[in-house]
Amino acid sequence: MAELMEWPCLDEYEKLVIRMNTPRVVVDNAVCATTTLVKVDSARKHGILLEAVQILTDLNLSIKKAYISSDGRWFMDVFHVTDLNGNKLTDESVISYIEQSLGCIHHVRSNSFNGLTALELTGTDRLGLLSEVFAVLADLECNVVESKMWTHNGRIASLIYVKDCDSGNPIEDSQKIDRIEGRLRNVLKGDNDIRSAKTSVSLAVTHTERRLHQMMFADRDYERQPIIRSASESPAVTVQNWVERGYSVVNVQCKDRTKLLFDVVCTLTDMQYVVFHATVNSAGDKAYLEFYIRHTDGSPISSEAERQRVIQCLQAAIERRASEGVRLELCTEDRRGLLADVTRTFRENGLNVTRAEISTTSEIALNVFYVTDAMGNPADPKIIEAVRQKIGLSNLKVKELPLINHQEAERDEPTVGVGGAVLLSLGSLVRRNLYNLGLIRSHS
């Protein structure tokens, strides 16, 4: 009987533990006139800051300011966010999703790529490489559902999520997987990349952009010299030790852009550093970030070699997503071989793809390509127009980068494409992400 009486106490204790470890989330539009404040109080654990930033950046929100502080075993994050047009968040479905997602931050999260096979590719970048990759996948009857590709310092990393064209199922046949890996490896090797070209096929799911950072880090892109010097300024990164407090202090100054905080925190986390305190601020088109970090074993950076490595890796992480080039958006009805045809047209016209984001929603392809000429210089507008004529003027649009600073971007008028597809304006990106996650219904 005494043992039975102890169970209710145990249940209450478990509830207390759950309450103590469940983050408290507040989304407030009243505190600041220009941004929405998102505050998270939580028990501290390694990687929790990255998870919080990941949730916000996956919604394509711009983090204008942030204050991060760790007090003992407790952690407090304050983010000032807007949408890509610089507006405060007013959509209740977006606010509710933020509250629910940040409130479950301690639980394991994964992308919604169930039922797909993930292909990981790294190698030497060259003109037309993406075209060759998609041609191989089309020939092997692999339907590309989602994909992201980055290039940096002459290297390429890509995550491609595919399913079988006929069955619509993930590709699990070992012989077909071997054929896919072999064909793609040959494409990546080309004539001069025998050693470093890598391909792998996996059913495991991870956060796509975090995985791209990990792949390029493993490929040691940060040690390589850029083939073509970018016209933009390199990020300024400094690392100093605050001996009295046992911290290493990392300062970053660079051009402001969306997902900047994610890229920096992701790299620090995967390099096994813990952020104890941080401030993020933006002024005009500049961003200023300061982090107080220690290694996971509690020690600050202990050597000049380690300091230089942190600087190199953070500069690389910032530059990977800052690909220059004309932004082209393709919105059209999805079909077999679409990506192979489009990227072949780019190659035939001497356009090099420096970054790509491929997605498919309700049988509509929504693809973004950043292109330059073969030498990495701005593409000739006449060539861009010729490519648009070939692919379809109503399907392939030239888009300016979203304004993320003080000016408010002009909203695009919806443009009807093939099959009645609507080219989504920048202001609807957040809602589209929620739709992809299955959290809201589309409005016809």
Side-chain angles (χ1 to χ4, degrees), residues 10-32 35-84 87-114 205-211 258-266 268-270 274-280 429-441:
L10 183 61
D11 288 343
E12 290 302 317
Y13 175 75
E14 289 177 339
K15 291 177 184 177
L16 176 63
V17 170
I18 292 171
R19 281 198 298 270
M20 290 179 65
N21 286 281
T22 299
R24 293 196 292 267
V25 182
V26 175
V27 179
D28 194 333
N29 269 317
V31 173
C32 181
T35 62
T36 298
L37 186 143
V38 179
K39 181 180 177 182
V40 185
D41 291 326
S42 170
R44 181 167 65 84
K45 73 178 182 73
H46 183 54
I48 190 170
L49 173 61
L50 176 59
E51 293 176 30
V53 173
Q54 179 179 305
I55 288 168
L56 298 176
T57 54
D58 281 351
L59 287 170
N60 278 316
L61 301 179
S62 178
I63 299 175
K64 299 298 186 182
K65 295 182 181 180
Y67 307 95
I68 291 101
S69 183
S70 189
D71 183 11
R73 296 185 179 181
W74 203 251
F75 200 67
M76 184 180 75
D77 303 337
V78 178
F79 303 99
H80 292 253
V81 304
T82 67
D83 63 18
L84 289 185
N87 301 319
K88 297 169 72 170
L89 309 185
T90 56
D91 191 317
E92 288 300 326
S93 63
V94 175
I95 293 173
S96 176
Y97 175 72
I98 291 172
E99 290 173 337
Q100 292 174 20
S101 299
L102 291 174
C104 302
I105 204 169
H106 284 291
H107 301 293
V108 176
R109 298 174 52 81
S110 64
N111 285 12
S112 55
F113 292 123
N114 294 329
V205 173
T206 187
H207 185 267
T208 301
E209 292 174 349
R210 183 176 186 181
R211 184 62 190 143
T258 55
K259 302 193 178 184
L260 174 62
L261 182 58
F262 171 84
D263 293 336
V264 174
V265 172
C266 178
L268 290 172
T269 302
D270 285 336
V274 179
V275 176
F276 286 85
H277 306 279
T279 58
V280 177
L429 281 174
V430 170
R431 290 190 62 83
R432 191 180 80 193
N433 286 345
L434 290 177
Y435 172 72
N436 290 341
L437 292 167
L439 296 167
I440 61 173
R441 295 180 179 178

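Values below: every heavy atom of this structure, side chains too, minus hydrogens, waters and symmetry copies. Everything quoted here is computed from the prediction, not taken from an experiment.
Minimum heavy-atom separation, H277 to S70: CE1-O, 3.4 Å. Taking every heavy atom of both residues into account, C32 and K88 meet most closely at O-NZ, 2.9 Å. In terms of heavy atoms, L261 sits closest to A66 at CD2-CB, 4.4 Å. Nearest heavy-atom pair across G47 and T269 is CA-CG2, 4.1 Å.
How far OG1 of T90 is from CD1 of I95: 7.0 Å, rounded to the nearest 0.5 Å. The distance from the CZ atom of F75 to the OG atom of S69 is 8.5 Å, given to the nearest 0.5 Å. Atoms CG and CZ, on L50 and R210 in that order, are 5.0 Å from each other to the nearest 0.5 Å. The distance from atom CG of L56 to atom CD of Q54, rounded to the nearest 0.5 Å, is 10.0 Å. To the nearest 0.5 Å, the span separating CG on L260 from OG on S62 amounts to 9.5 Å.
With contacts defined as side-chain heavy-atom distances shorter than 4.5 Å, the pair P23/V40 qualifies. Side-chain contact between F79 and V53 is present, with heavy atoms from C-beta onward closer than 4.5 Å. In this structure, V27 and T36 have side chains that are in contact, with non-hydrogen atoms separated by less than 4.5 Å. Under the 4.5 Å side-chain criterion, counting only non-hydrogen atoms from C-beta, T258 is not in contact with N60. Contact check for E51 versus K45: side-chain heavy atoms found under the 4.5 Å cut-off.
None of T82, I55, L89 except one satisfies the side-chain contact (heavy atoms from CB on, under 4.5 Å) rule with L61; the exception is L89.
D41 pairs by the side chain to side chain contact (heavy atoms under 4.5 Å, CB included) definition with R24, K39, W74, M76, not counting sequence neighbours. In this structure, D77 has no salt bridge (Lys or Arg N to Asp or Glu O under 4.0 Å) partners at least two apart in sequence or on a different chain.
Looking at S101, its side chain never comes within 3.5 Å of a backbone N or O of I98 through a donor-acceptor pair.
Ring geometry for Y67 versus H80: interplanar angle over 60°, hence perpendicular rather than tilted (30 to 60°).
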* **Stepwise side chain to side chain contact (heavy atoms under 4.5 Å, CB included) check, D58 with H207** => CA-CA 10 Å; D58 281 351; H207 185 267; 3.0 Å; yes
